[in-house]
Amino acid sequence: MNIEAMPTRYDASSTETKWYTAWEDAGLFQPSDDPTKPKYVITIPPPNITGSLHMGHALCYPLQDMIGRYQRLQGKSVLILPGQDHAGIATQSVVDKQLRKEGTSAAVLGREKFTERVWEWRKESGDTILNQFRALGCAFDWSRSRFTFDDEYVRAVLKVFIDWFDRGLIFKGKRVVNWDPKLKTSVSDIETERQTIKGKLYHLRYPFTDGSGEVVIATTRPETMLADVAVAVHPSDKRYDGLVGKTIRLPLIGREIPLIADLYPDPEFGTGAVKITPAHDANDYQVGVRHSLPMPVILDSEAYIKIDEVIDFADAEGRKRLESYNNLSRNEARNAVVKDLEDGGYLVKIEDHDIPIIISDRSKDIIEPLLSEQWFCDQPKLFGPVIEAVRNDEVRFHPARYKEIFLEGAESAPEWCLSRQLWWGHRIPVYTTVSGKTVAAHSWQEAETKAGEGIVSQDEDVLDTWFSSGLWPFATLGWPEKSADLDRFYPTSTLVTDRNIIKLWVARMLFMGYDLTGQKPFSDVVIYATVMREDGRRMSKSLGTGVDPMTIIETLGADALRWTLLSQTGENQELRYSERKTEDARNFCNKIWNATRFVLMNCTATETLQAPPASDLEKIDQWLLSRLHATEIAVRTAYERYDIQSACQALYRFFWSELCDWYIEISKPRLNDEARREVPQWVLLTALEAFLTMLSPIMPHLTEELYSFLPISGKAAFLMSNAWPELPAEFAQDAVEAEIERTFDVVRALRALRASVDLAAMKTVPAVYFEGDLGGNASIVTSQGWAERLEAGKPEGKFVSATAGGVDLHLPIEGLVDKEKELARLDKEQTKLLDEITKLSLRMENPQFVERAKPEVVERERANLADLNDRLAKNAERRKLL
RNA sequence: GGGCGGUUAGCUCAGUGGUAGAGCACUUCGUUCACACCGAAGGGGUCACAGGUUCAAAUCCUGUACCGCCCACCA
């Protein structure tokens with residue numbers, strides 16, 4: 001490397017692409033073939049093919065890359081397997097939206113043409129996000145990339161469905177589910193959002209059939225009363241003593257419905273009586289099941305009134321009314337029903353009320369709880385081994401608090417609605433025979449063979465996306481085939497994901513893994529923080545509050561962005577992003593660049609250096625190596641605990657403060673001296689190699705570039721394939737650290753003293769005097785305090801003084817001392833000293849403290865007090881000299 | 001309603017029993033031959049509040065307030 005050619009600014013963009021290509025060409029993204037190496041495996045959370053990079057991704061994927069890079073340095077054979085999720089509903093609605101822009105739609109095209117169209121779209125732009133992971137520097141094994149619609153993957157999905165169907169773990173049932181009337185499908189909870197809107201609470205009069213009075217109920221959805229099948233009260237509610245069992249005539253319709261007792265109604269709320277509409281409310285549905293009530297549906301799949309299931313139970317007048325409501329929208333029906341209730345004298349009152357609604361993420365339409373026939377999976381049964389494994393820490397969560405959160409969810413898991421009324425997804429492999437039997441099979445032919453009779457149809461629905469993603473850790477490795485990869489890489493090591501999908505995805509992978517492979521799919525689950533804006537608000541594309549990571553990468557670099565996010569990653573549940581922080585990170589990159597440039601300028605010897613004999617090392621060399629040793633331990637233990645922010649803190653402090661601010665500055669005189677330069681050269685190169693290696697998981701590009709310049713022996717082909725530093729135990733020297741820190745205190749005091757008399761930093765003064773013991777470190781004080789020489793004793797003439805680290809410093813003053821300024825400085829010091837002395841004396845005079853506190857604490861405080869008193873006395877003396 | 005996390009310098013955050021820390025921002029000084037995306041010095045905090053435990057509490061316990069998230073949602 002021609003050092004003169006190194007610019008004084010680090011250029012991230014050219015460096016980053018250069019090295020990414022080099023690593024990939026060298027095959028470094030694939031696991032090592034060496035069978036003796038322990039393995040480390042991550043299957044990344046497959047992003048949706050519709051996905052585009054956001055700040056959450058910019059944290060999640062580099063975090064996995066960083067863990068992988070660290071494990072690789074630890075000598076492991078690392079596989080990080082990437083891929084993508086077909087993301088049924090998300091993709092279908094994106095493509096459908098495109099079609100609508102073109103004046104057509106999925107419905108017009110039909111199932112087959114539509115699916116073809118989605119495939120086309122995927123080929124065009126489905127890989128965008130994976131390419132963005134490359135820009136972030138993610139060392140993923142692209143040769144093993146998987147898609148949940150790969151042929152082998154589809155086979156795995158079907159096999160699981162068929163096996164579980166045959167074992168009775170998957171079954172068809174009628175339940176109230178989240179229904180999206182716009183997309184006309186059931187949706188999972190994660191695809192919905194709960195909101196509260198201002199609405200009305202309608203109080204309605206429901207008369208008894210025998211004319212003996214009435215029950216008043218309250219509802220926010222009056223239009224659903226058309227499908228009411230009962231009114232429920234709490235059994236302990238005295239107001240309804242003796243009334244339960246009576247029959248009510250449903251207003252407008254004339255249907256006769258019972259007054260029943262159930263634990264569901266809250267006697268505190270309203271009149272304590274609840275109308276029961278089992279087909280359109282999840283709670284009502286449960287009541288309906290308990291009391292074997294009919295469950296008529298009055299809304300169609302687009303949420304328009306549909307009367308055929310209720311019409312037969314209405315009286316003549318009721319039928320006429322129902323006809324008038326038929327095909328009205330939810331809102332129209334509400335208005336009509338309320339008007340008719342009012343006209344009929346059934347409306348008691350209308351109150352303002354906050355009503356909870358569920359919004360579909362994709363369509364933004366209001367979710368309708370709707371009774372429909374769907375496929376379900378018996379999750380509660382499958383959760384058994386998982387609950388045990390998590391409880392026993394066979395699978396560990398980081399941060400650990402998610403363990404309890406997970407267990408609570410797992411223990412109360414409901415049945416899992418598997419079916420979606422979409423076209424983009426794995427079609428449910430259930431076939432109906434001529435005789436009406438159902439059979440699950442891989443194909444039409446297999447179904448016929450299995451059933452022993454002709455098949456008339458296949459189920460139209462597709463599977464919930466999470467069913468296929470649940471197989472991710474093993475289906476990507478070839479399961480159910482006994483493939484070499486499955487044998488070699490399963491179970492995987494760590495799963496990194498967002499806390500929002502613990503139940504939806506992590507839980508499914510766990511029980512699918514245990515049931516289907518008999519092993520845990522991974523050992524550790526790492527939950528990372530949500531990336532927020534600096535003001536604490538969410539980053540949201542629709543609100544325009546997002547920051548595009550690609551723009552940041554282009555202007556400030558992927559390494560700077562990685563540092564920004566990873567250096568804020570620990571056990572926190574959110575972090576705040578601002579571009580300013582990435583500018584700081586960019587500055588850190590530049591500092592590393594320039595410090596390395598400086599070292600290279602000072603290590604121009606053609607042959608590489610050997611470690612000097614220990615006796616050649618000065619205290620300051622020993623100090624830096626000791627700090628390096630401590631930093632290595634801090635960084636390694638922090639990485640192991642996924643406490644990335646602590647690792648970053650240790651690296652930052654070591655590099656900027658210890659290596660740059662102190663060691664390099666102190667070493668400059670030796671580096672400029674031919675005869676003495678070898679030791680600091682060796683120390684700098686040793687520290688730099690270790691530092692760059694330790695930092696490389698977080699800033700892979702910059703560190704790789706600088707490593708390539710280092711004139712050291714035994715270099716790895718790439719820093720990425722280097723080994724984690726193994727530092728000799730002799731590097732650790734606590735006593736040297738303490739001694740040097742004390743010397744730095746003296747230097748700081750001298751600099752402050754100079755500043756107090758307006759002496760510019762770095763402006764050399766002829767002499768500084770001192771009293772006390774500087775050990776062998778006087779030269780540090782001289783050079784770092786910018787003095788030509790240091791002399792023992794007190795100077796002649798005027799001077800100002802300071803005390804630190806047990807040393808008195810005297811700085812001669814030319815001309816007059818600025819008395820007022822000096823007095824002010826001494827006053828300030830005196831106030832501070834007196835304050836501390838008072839506090840400390842009180843403590844020392846407390847016999848309880850002396851008796852009960854640890855002896856070393858008492859001893860330390862005693863010494864402190866003596867020192868403070870000593871400094872107070874000196875302060876007084878210095879006043880007299882003014 | 002239940003659970004979890006948070007509240008420390010102007011901002012963003014470290015700090016789990018022994019004299020309050022970092023980065024940024026701010027003030028003053030400085031372009032000296034690694035770096036002005038830099039260096040030196042400095043100002044700035046009764047650690048949300050109230051009790052308690054302890055010789056000693058930002059730190060442990062109890063309660064309160066506010067912010068955020070999750071779960072269950074009262075029709």
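Every chain is numbered from 1 and lettered A, B, ... according to where its sequence line falls, protein lines coming before strand lines.
- Using a 30° and 60° split on the angle between ring planes, A:F744 and A:W662 fall in the parallel class, below 30°.
- The OH-P distance, from A:Y402 to B:G5, rounds to 9 Å in whole Å.
- Minimum atom distance to the side chain of A:Q573 is reached by B:C69, of the listed B:A41, B:C69, B:C37.
- At least one side-chain nitrogen or oxygen of A:H353 sits closer than 4.0 Å to the OP1 or OP2 atom of B:A75.
- Look at A:K591 and you'll find a side-chain N or O under 4.0 angstrom from OP1 or OP2 of B:G39.
- When distances are taken from the side chain of A:N590 to each of B:C37, B:G39, B:A34, the shortest belongs to B:C37.
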Find every protein N or O atom lying less than 3.5 Å from an N or O atom of nucleotides 43-48 of chain B, and list the pairs.
residue	atom	partner	partner atom	Å
B:G43	OP1	A:K828	NZ	2.2

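- Using a 4.0 Å heavy-atom criterion, one finds that A:E665 contacts the bases of the nucleic acid, with or without backbone contacts as well.
- Looking at the side chain of A:K668, the nearest of the listed nucleotides B:A40, B:A34, B:U32 is B:A34.
- Contacts of A:C660 with the nucleic acid, taken as non-hydrogen atoms under 4.0 Å apart, include base atoms.
- In this model, the phosphate group of B:A40 is not approached by any side-chain N or O of A:K763 to a distance below 4.0 Å at OP1 or OP2.
- Relative orientation of the A:F588 and A:F655 rings is perpendicular, given thresholds of 30° and 60° on the angle between their planes.
- Summarising the geometry, the separation between CG on A:N594 and C1' on B:A34 is reported as 5 Å, rounded to the nearest angstrom.
- When distances are taken from the side chain of A:K854 to each of B:G18, B:C37, B:A34, the shortest belongs to B:G18.
- Summarising the geometry, the separation between CG on A:N846 and C1' on B:U54 is reported as 12 Å, rounded to the nearest angstrom.
- Listed pair A:R576 / B:C13 meets the phosphate criterion, a side-chain N or O lying under 4.0 Å from OP1 or OP2.
- Counting only heavy atoms from C-beta on, A:R9 has its side chain closest to B:C37 among B:A75, B:U19, B:C37.
- Taking atom P on both nucleotides, B:U19 is separated from B:G5 by 27 Å, rounded to a whole Å.
- When Watson-Crick and G-U wobble pairs are counted only if both distances are under 3.5 Å, B:A14 pairs with no nucleotide at all.
- Across the strands present, B:C60 finds its partner in B:G52; the criterion is a Watson-Crick or G-U wobble pair with both atom distances under 3.5 angstrom.
- Using a 4.0 Å heavy-atom cutoff across all strands shown, A:R751 reaches sugar-phosphate atoms only and no base atom.
- Rounded to whole Å, the separation between the C1' atoms of B:U32 and B:A36 comes to 13 Å.
- Nucleotides B:G17 and B:C60, compared at atom P, are 8 Å apart to the nearest Å.
- In the model, A:R843 has no side-chain atom that pairs as donor or acceptor with a side-chain atom of A:N846 under 3.5 Å.
- Counting only heavy atoms from C-beta on, A:T219 has its side chain closest to B:A75 among B:A75, B:G18, B:A41.
- Ion pairing between A:R627 and A:E741 fails under the 4.0 Å rule for side-chain N and carboxylate O.
- The side chain of A:P356 lies closest to B:C73, out of B:A41, B:C73, B:U12.
- Judged by closest nucleotide on RNA chain B, A:I664 is the one of A:K275 and A:I664 placed further toward the 5' end.
- Looking at heavy-atom distances under 4.0 Å, A:A218 makes contact with a base.
- One C1' atom belongs to B:C49, the other to B:C67, and the distance between them is 15 Å to the nearest Å.
- Regarding A:E268, its CD atom lies at a distance of 14 Å from the P atom of B:G1, rounded to whole Å.
- Close to B:C4, at under 4.0 Å from its OP1 or OP2, lies no side-chain N or O of A:R401.
- B:G39 atom P lies 13 Å from atom CG of A:L659, rounded to whole Å.
- Projected onto RNA chain B by closest heavy-atom contact, A:V747 and A:T196 fall at different nucleotides, the more 5' of which corresponds to A:V747.
- Residue contacts shown for A:D661 are limited to sugar-phosphate atoms, with no base heavy atom under 4.0 Å away.
- A:R860 comes within 4.0 angstrom of the backbone, heavy atoms only, and of no base.
- Residue A:E674 qualifies as open at atom CD: its count of foreign heavy atoms under 6.0 Å is 12 or below.
- Residue contacts for A:N283: at a heavy-atom cut-off of 4.0 Å it reaches the sugar-phosphate backbone alone, with no base atom in range.
- Between A:T569 and A:Y642, the closest side-chain pair of non-hydrogen atoms is not below 4.5 Å.
- Panel note: side chain A:R205, backbone A:P251; no donor-acceptor pair is recorded below 3.5 Å.
- Between A:E859 and A:R862 a salt bridge is recorded (basic side-chain N to carboxylate O distance below 4.0 Å).
- Taking atom CH2 of residue A:W786 and atom P of nucleotide B:G30, one finds them 14 Å apart after rounding to whole Å.
- Summarising the local packing, CZ of A:R653 is surrounded by 12 or fewer heavy atoms from other residues, nucleotides or ligands at distances under 6.0 Å.
- Residue-level contact check: A:E534 touches the backbone only, with heavy atoms under 4.0 Å from sugar-phosphate atoms and none from bases.
- Using the Watson-Crick or G-U wobble rule with both distances under 3.5 Å, B:G68 pairs with B:C4.
- Side-chain contact check for A:M295 versus A:V289: some heavy-atom pair is nearer than 4.5 Å.
- Using a 4.0 Å cut-off between a side-chain N of Lys or Arg and a carboxylate O of Asp or Glu, A:R748 and A:D745 qualify as a salt bridge.
- Partner assigned to B:C35 is none, using Watson-Crick or G-U wobble distances below 3.5 angstrom.
- Distance, A:N572 CG to B:C67 P: 21 Å, rounded to whole Å.
- Checked for salt-bridge contact, A:E665 and A:K668 meet the test: a charged N lies under 4.0 Å from a carboxylate O.
- The pair A:K832-A:E829 fails the salt-bridge criterion, with no side-chain N (NZ, NE, NH1 or NH2) lying under 4.0 Å from an Asp/Glu carboxylate O.
- Only the C1' atoms considered, B:G23 is 24 Å distant from B:U31, to the nearest whole Å.
- For the C1' atoms, the distance linking B:G43 with B:C4 amounts to 39 Å, nearest Å.
- Base-pair partner of B:U19: not found among the strands shown (Watson-Crick or G-U wobble, both distances under 3.5 Å).
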Given side-chain contact (heavy atoms from CB on, under 4.5 Å), test A:L204 with A:L347 step by step and report yes or no. CA-CA 5 Å; A:L204 308 179; A:L347 184 64; 3.6 Å; yes
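- Taking a pair to require two hydrogen-bonding distances under 3.5 Å in either a Watson-Crick or a G-U wobble arrangement, B:A9 remains unpaired.
- Between the CD1 atom of A:I666 and the C1' atom of B:A40 there is a distance of 15 Å, given to the nearest Å.
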Using a cutoff of under 3.5 Å, can you pull out all pairs of nitrogen or oxygen atoms linking the protein to nucleotides 21-29 of chain B, with atom names and distances?
residue	atom	partner	partner atom	Å
B:C24	O2'	A:R580	NE	3.0

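- A:P399 comes within 4.0 angstrom of no nucleic acid atom, judged by non-hydrogen atoms across all strands.
- Figure legend. B:G45 is base-paired to no nucleotide; pairs are counted as Watson-Crick or G-U wobble with both atom distances under 3.5 Å.
- Residue A:R843 is out of contact with every strand shown, counting any heavy-atom pair closer than 4.0 Å.
- Minimum atom distance to the side chain of A:V274 is reached by B:A75, of the listed B:C4, B:A75, B:C73.
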